[in-house]
2 protein chains.
Amino acid sequence: MITTLKDIAEKTGFSISTVSRVLHDKSNKSKISEETQLKIKQTAKDLGYRINTLARGLRLQKTHEIGVIVPDISNPFFSAMIKNIATELRKHGYNFIVYDSDENIVIERSAITSLLGKRVDGLIIASVGQDFSHLQKIRNSEIPFVMIDRCFDAFDVDSVSVDNVKGSLLAVNYLIKEGHSRIAFIQGLPGTYANETRLQGYKSALLDAGISIDERLIVGDDFRSLNGYLETKLLLKLSNPPTAIFTAGDLIVLGALEACRENNITIPRDLSLVTFDDPIFASYLSPALSAVEQPVTKMAEMAVALLYRRMKNPNDERRKVLLEPKLNIRSSVTRISMLMNIKHIIKTENTTE
Amino acid sequence: MITTLKDIAEKTGFSISTVSRVLHDKSNKSKISEETQLKIKQTAKDLGYRINTLARGLRLQKTHEIGVIVPDISNPFFSAMIKNIATELRKHGYNFIVYDSDENIVIERSAITSLLGKRVDGLIIASVGQDFSHLQKIRNSEIPFVMIDRCFDAFDVDSVSVDNVKGSLLAVNYLIKEGHSRIAFIQGLPGTYANETRLQGYKSALLDAGISIDERLIVGDDFRSLNGYLETKLLLKLSNPPTAIFTAGDLIVLGALEACRENNITIPRDLSLVTFDDPIFASYLSPALSAVEQPVTKMAEMAVALLYRRMKNPNDERRKVLLEPKLNIRSSVTRISMLMNIKHIIKTENTTE
DNA sequence: ATATTACATGCAATCGTTTGCATAAAAATG
DNA sequence: CATTTTTATGCAAACGATTGCATGTAATAT
């Protein structure tokens, strides 16, 4: 059986209180004799005692756990984020529990229920939701709660994300500067914060440059690679295909690359490519992928800092932190002239049929 | 405050037992009148009741949680594994808690302590350890426990991994068949199961082909990308550099690629490359990377199946499952003749200086 | 010698659930 | 109408830890 304080108490002849104080109470308030301490510690070791954190959490109404929910652990962006959050939390002496909502609001809901059931001391969520009704309850309860990456402007809650609008502006302005005007956007899940803000940046970059928006070039519906693959295939089949594609996420761009390869499209010669997110492998592709980098370490640090602050001062006003994105220019974009543009179109039509 | 059964009991006038039975007891043994049920359920909803799983776990001595420990969440191989484990566990009605040991045995130890403290019902571990002394205790305790990916031949415990020896054989035999004889191996953390078995496969492939082993071509010391980068740089500086490199993991190969790019080494023309693990981006690189694929979904399924079986029949004999690896041949390996080999060496020496 | 303080330890309530057993009332049976 | 059975609900003891308060003894001060 699993050893408890009681077992140790019986074996040593001391009371449970004394054993508890020796083994766990760092406050040093009650003076226990050296001899007793030694004896108790030794039997604890002999019996392989391990504290039951369920019991402790129940008694203390504190678990020292933070719940984290992300849409997709296997997405490099989120797995990097998790690692950074873990490192930050460890500094503060907190453990954490991750849930993967699998880009599914139903799973996200049940993850929240489950975490609240575990009485975590705080919550960090990158929500997949297109609205925040299910989060309202959390915020109204006492539990400290911060949103990361995916947040809602209209929802007054601590949150940290990258300036998505600016990120898209950087990417699309760069493409425009290189002579592109038919620029497609393969988006992620419509209605999500990350997607809508990125889309907004895309649109205003075009409008600012006096380029009218072609709705046929705004395609896609989730953040997975299959979406990138399918939409790229379709874009290439257009009678007037884009000369550049801007993708809303790192998995999407992988799909796009696969489609290009299948269609013998060489990047950047036949098609330029820029993506949001800058996964570890972006610079190892050839051509190396130009990408909008999110300051993921800083995001994690800020999220934990906000959470920590909220735990200490529950009534501070809520803050929304926007971090600066950065465009990493590599070699997946080519400069085009009008002439090249036309040649490109002809070539593309030939190869895709 | 957080609502408890007691609050609902007081509000409705029924006892805590009745409330508990209405809200949680599916067994239907005690007949509670429809009217009572409705009233209780309604107030539970009104008060925003959520079960406290700490209390339940304490009482039931069961948490319905499985602890999972991996060396590096941000490694695509492990994040894929986690996702698959999650999916499998959900089917069985289990939750899970992941820990990232950060390739660090000290953190692994504390993760184990923490999970056992949470009284998880089972444990799935991909250990970073070079020995299994710290795992012996777990096995000897009652908790069901399976090792995945990284196991120990001499440790009698349920485990599932890919046949690493065979995987290396596949890769190295393929390189040999393509005419390579100076094949380097950039390894991961020495002493770990995954590394030693992969190394063993590498060596026996060479020996079987009558190629003597050059210890200067066996380099590296962990599974991270920096290791791949540094060792590749050094290998390229050798007076007699390898014509092919076989890397022990997907992060290592990324580092190798970076080093090659910096030295203007074109793959596969100047250097052939094969890696263990087949990350999602392998086929998107150009050239697409030839890689040894691990059946990660099957591994996850097997691990959960073994765990589940152990939970039901604690005294079954322990099993070690070895799954088949698969070599995915893409375009990162070139066929070489002796003549090309010499040209290659000369060229490499020029470029690296 | 007595009063006071310090020291070392124990008592018992509490955290929120679950559940075997008890019980009272209602219904069914003879 | 008396007895048995069924129905609907409550009591109270766990589960394992924490901790304010109490207590008995030893050391020190007066």
Side-chain angles (χ1 to χ4, degrees), chain A residues 1-41 44 47-65 113-114 116-121 142, chain B residues 1-41 44 47-65 113-114 116-121 142:
Chain A
M1 264 308 293
I2 292 177
T3 308
T4 69
L5 292 183
K6 197 175 164 199
D7 300 327
I8 300 175
E10 279 165 9
K11 189 124 182 182
T12 58
F14 292 103
S15 71
I16 296 179
S17 339
T18 303
V19 177
S20 171
R21 281 190 261 254
V22 169
L23 260 23
H24 305 305
D25 191 358
K26 312 289 170 202
S27 73
N28 243 21
K29 273 188 182 169
S30 353
K31 309 231 151 203
I32 314 274
S33 76
E34 275 304 319
E35 200 192 330
T36 308
Q37 297 211 21
L38 236 62
K39 197 166 162 193
I40 288 177
K41 279 177 184 161
L47 298 177
Y49 172 76
R50 289 177 200 280
I51 193 173
N52 183 328
T53 47
L54 300 176
R56 167 182 275 180
L58 180 60
R59 172 64 231 249
L60 257 36
Q61 302 287 74
K62 253 199 164 309
T63 53
H64 273 263
E65 309 271 350
T113 304
S114 175
L116 293 179
K118 290 191 209 315
R119 299 298 189 262
V120 291
D121 292 341
E142 267 121 277
Chain B
M1 266 306 293
I2 291 178
T3 308
T4 68
L5 291 182
K6 195 175 167 199
D7 299 327
I8 300 175
E10 278 164 8
K11 189 122 179 186
T12 57
F14 292 103
S15 72
I16 295 178
S17 339
T18 304
V19 176
S20 172
R21 284 192 259 256
V22 169
L23 259 23
H24 305 305
D25 190 0
K26 312 290 171 202
S27 73
N28 241 23
K29 274 189 182 169
S30 354
K31 308 230 151 204
I32 315 275
S33 76
E34 275 305 318
E35 201 190 330
T36 307
Q37 297 212 20
L38 236 64
K39 198 165 161 192
I40 288 176
K41 279 178 184 161
L47 298 177
Y49 170 77
R50 289 178 201 279
I51 192 173
N52 182 328
T53 47
L54 300 177
R56 167 181 277 181
L58 182 59
R59 172 64 231 248
L60 257 37
Q61 301 286 75
K62 247 189 168 316
T63 53
H64 273 264
E65 309 271 349
T113 304
S114 176
L116 292 179
K118 289 191 210 315
R119 299 297 189 262
V120 291
D121 292 342
E142 265 121 279

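Convention: sequence-line order gives letters A, B, ...; per-chain numbering from 1. Worth knowing before you read on, the calculation uses all heavy atoms, side chains too, and leaves out hydrogens, waters and symmetry mates.
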### Query
If you look at every strand shown and take non-hydrogen atoms under 4.0 Å, does B:Ser20 touch a base, only sugar-phosphate, or nothing?
base

### Message
I want to check something: taking the side chain as every heavy atom from C-beta on, are B:Leu23 and B:Ile8 in contact at a cut-off of under 4.5 Å?
### Response
yes

### Message
As a test of reading the structure: which of D:dC15, C:dG16, D:dA17 is closest to the side chain of A:Gln61, going by heavy atoms?
### Response
C:dG16

### Message
Check this one for me: any side-chain N or O of A:Thr36 less than 4.0 Å away from OP1 or OP2 of C:dA8?
### Response
no

### Query
Between D:dG16 and A:Thr4, is there an OP1 or OP2 to side-chain N/O distance shorter than 4.0 Å?
no

#### Entry: Heavy atoms of other groups near A:Lys62 NZ, more than 12 under 6.0 Å
yes

### Distance in angstrom units between B:Ile8 CD1 and D:dT9 P, rounded
16 Å

### Task
Could you check if a side-chain atom of A:Lys118 sits within less than 4.5 angstrom of a side-chain atom of B:Lys118, using non-hydrogen atoms only?
no

### Query
To the nearest Å, how far apart are A:Arg56 CZ and D:dA17 P?
9 Å

### Query
Does B:Ser17 make a side-chain donor-acceptor contact with the base of D:dC11, cut-off 3.5 Å?
yes

### Query
Under 3.5 Å, is there an N or O donor on one side and an acceptor on the other linking the side chain of A:Arg21 and the base of C:dG10?
yes

### Message
What's the closest nucleotide to the side chain of A:Ala55 if the choices are C:dG10, C:dG16, D:dG16?
### Response
D:dG16

### Message
Any base atoms under 4.0 Å from A:Ile16, or only sugar-phosphate, or nothing? Heavy atoms, all strands.
### Response
base

### Query
Over how many whole Å does the gap from B:Arg50 atom CZ to C:dG16 atom C1' extend?
16 Å

### Query
B:Arg119 near the nucleic acid: base, sugar-phosphate alone, or nothing, with a heavy-atom cut-off under 4.0 Å?
nothing

### Task
Among the candidates D:dT9, D:dC15, C:dG16, find the nucleotide nearest to the side-chain atoms of B:Ser33.
D:dT9

### Query
For B:Leu5 and C:dC15, what is the distance between atoms CG and C1' respectively, to the nearest whole Å?
13 Å

### Query
Going by heavy atoms in the side chains, are A:Tyr49 and A:Leu5 under 4.5 Å from each other?
yes

### Query
Any side-chain N or O of A:Thr18 under 4.0 Å from OP1/OP2 of C:dT9?
no

### Query
Want to settle it: does A:Asp25 or A:Ile2 sit nearer the 5' end of DNA chain D, counting the closest nucleotide to each?
A:Ile2

### Task
Assess whether side chain to side chain contact (heavy atoms under 4.5 Å, CB included) is satisfied between A:Arg50 and A:Ile2, documenting all intermediate values.
CA-CA 8 Å; A:Arg50 289 177 200 280; A:Ile2 292 177; 6.0 Å; no

### Message
Counting the atoms with a prime plus P, OP1 and OP2 as sugar-phosphate, which does B:Thr53 contact under 4.0 Å by heavy atoms, base, sugar-phosphate, or nothing?
### Response
nothing

#### Entry: Any B:Gln37 side-chain N or O less than 4.0 Å from OP1/OP2 of D:dA8
no

### Query
So what does A:Gly117 hit on the nucleic acid, given a heavy-atom distance under 4.0 Å: a base, only sugar-phosphate, or nothing?
nothing

